[in-house]
Amino acid sequence: MALVRGGWLWRQSSILRRWKRNWFALWLDGTLGYYHDETAQDEEDRVLIHFNVRDIKIGPECHDVQPPEGRSRDGLLTVNLREGGRLHLCAETKDDALAWKTALLEANSTPMIRLKLIHPHNKYLLSCYYGPGGVPSARDQRCAST
């Protein structure tokens with residue numbers, strides 16, 4: 001699956017409310033995964049963003065959360081999900097927080113088309129994800145030639 005945006009963010013745990021730094025990856029299929037490091041091999045968890053975000057607050061709008069020690073309130077993001085969950089994140093800068101908000105809102109509203117194609121010569125099934133502009137994801141570049 002193609003990466004839309006990746007980067008380090010602080011994430012507040014839901015139970016103990018402790019801040020932990022994770023590598024976040026927003027994928028073309030509308031999921032947001034968080035990992036131990038930027039290799040994105042060891043996934044801690046994944047959140048469905050596609051059509052699941054109610055709203056996103058940033059900076060001073062995040063009234064009910066304090067940033068990690070030594071971090072600015074300007075970097076805060078609160079992602080409220082339709083299913084009732086809430087994700088508290090903190091970026092390094094206000095600009096990073098705004099860029100993440102924009103990417104998450106776009107992932108929330110961008111329609112994804114999944115096509116299943118049968119290759120005419122080899123008779124194997126291709127599963128292709130098409131995102132904005134009708135461009136196949138990196139994983140599905142083989143679909144561009146069919």
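These numbers come from the heavy atoms of this one structure, side chains and all, not from hydrogens, waters or symmetry mates.
- Rounding to the nearest 0.5 angstrom, the gap separating the CZ atom in Arg73 from the NE2 atom in His63 is 8.5 Å.
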Under 3.5 Å, which donor-acceptor pairs link side chains of residues 33-41 to any protein atom two or more places apart or in another chain?
from: Tyr35; atom 1: OH; to: Trp27; atom 2: NE1; distance (Å): 3.1
from: Tyr35; atom 1: OH; to: Glu43; atom 2: OE2; distance (Å): 3.2
from: His36; atom 1: ND1; to: Glu44; atom 2: OE2; distance (Å): 3.2
from: His36; atom 1: NE2; to: Asp42; atom 2: OD2; distance (Å): 3.3
from: Asp37; atom 1: OD1; to: Thr39; atom 2: N; distance (Å): 3.0
from: Asp37; atom 1: OD1; to: Thr39; atom 2: OG1; distance (Å): 2.4
from: Gln41; atom 1: NE2; to: Thr39; atom 2: O; distance (Å): 3.3

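- Hydrophobic clustering (ILVMFWY, side-chain heavy atoms < 4.5 Å, transitive): Leu105 and Leu76 are in distinct clusters.
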Using distance only, find each side-chain donor-acceptor pair of residues 95-103 under 3.5 Å and give its atom names and separation, not counting sequence neighbours.
from: Lys101; atom 1: NZ; to: Ile56; atom 2: O; distance (Å): 3.4
from: Thr102; atom 1: OG1; to: Leu98; atom 2: O; distance (Å): 3.0

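- The hydrophobic cluster containing Val47 also contains Ile58, counting ILVMFWY residues as joined when their side-chain heavy atoms lie under 4.5 angstrom apart, directly or transitively.
- Between atom NE2 of residue His88 and atom NZ of residue Lys57 there is a gap of 11.5 Å, rounded to the nearest 0.5 Å.
- Judged purely by distance below 3.5 Å, without hydrogens or angles, the side chains of Asn52 and Arg82 never pair a donor atom with an acceptor atom.
- Transitive grouping of hydrophobic side chains (ILVMFWY, heavy atoms separated by less than 4.5 Å) brings Leu9 and Val79 into a common cluster.
- Taken together through direct or relayed side-chain contacts under 4.5 Å among Ile, Leu, Val, Met, Phe, Trp and Tyr, Trp10 and Phe24 form parts of separate hydrophobic clusters.
- Rounded to the nearest 0.5 Å, atoms CG (Leu81) and CD1 (Ile49) are 6.0 Å apart.
- If you chain together hydrophobic residues whose side chains sit under 4.5 Å apart, Leu77 and Leu26 fall into the same group.
- In this structure, Arg11 does not pair ionically with Asp45, as no charged nitrogen and carboxylate oxygen lie closer than 4.0 Å.
- A donor-acceptor pair is defined here as one N or O able to donate and one able to accept, closer than 3.5 Å; no such pair exists between the side chain of Arg17 and the backbone of Val65.
- Checked by atom type and distance alone, the side chain of Asn108 never pairs as donor or acceptor with a backbone atom of His50 at under 3.5 Å.
- Of the inter-residue distances, the one linking Leu104 atom CG with Leu87 atom CG reads 8.5 Å to the nearest 0.5 angstrom.
- Rounding to the nearest 0.5 angstrom, the gap separating the CZ atom in Arg71 from the CZ atom in Arg21 is 7.0 Å.
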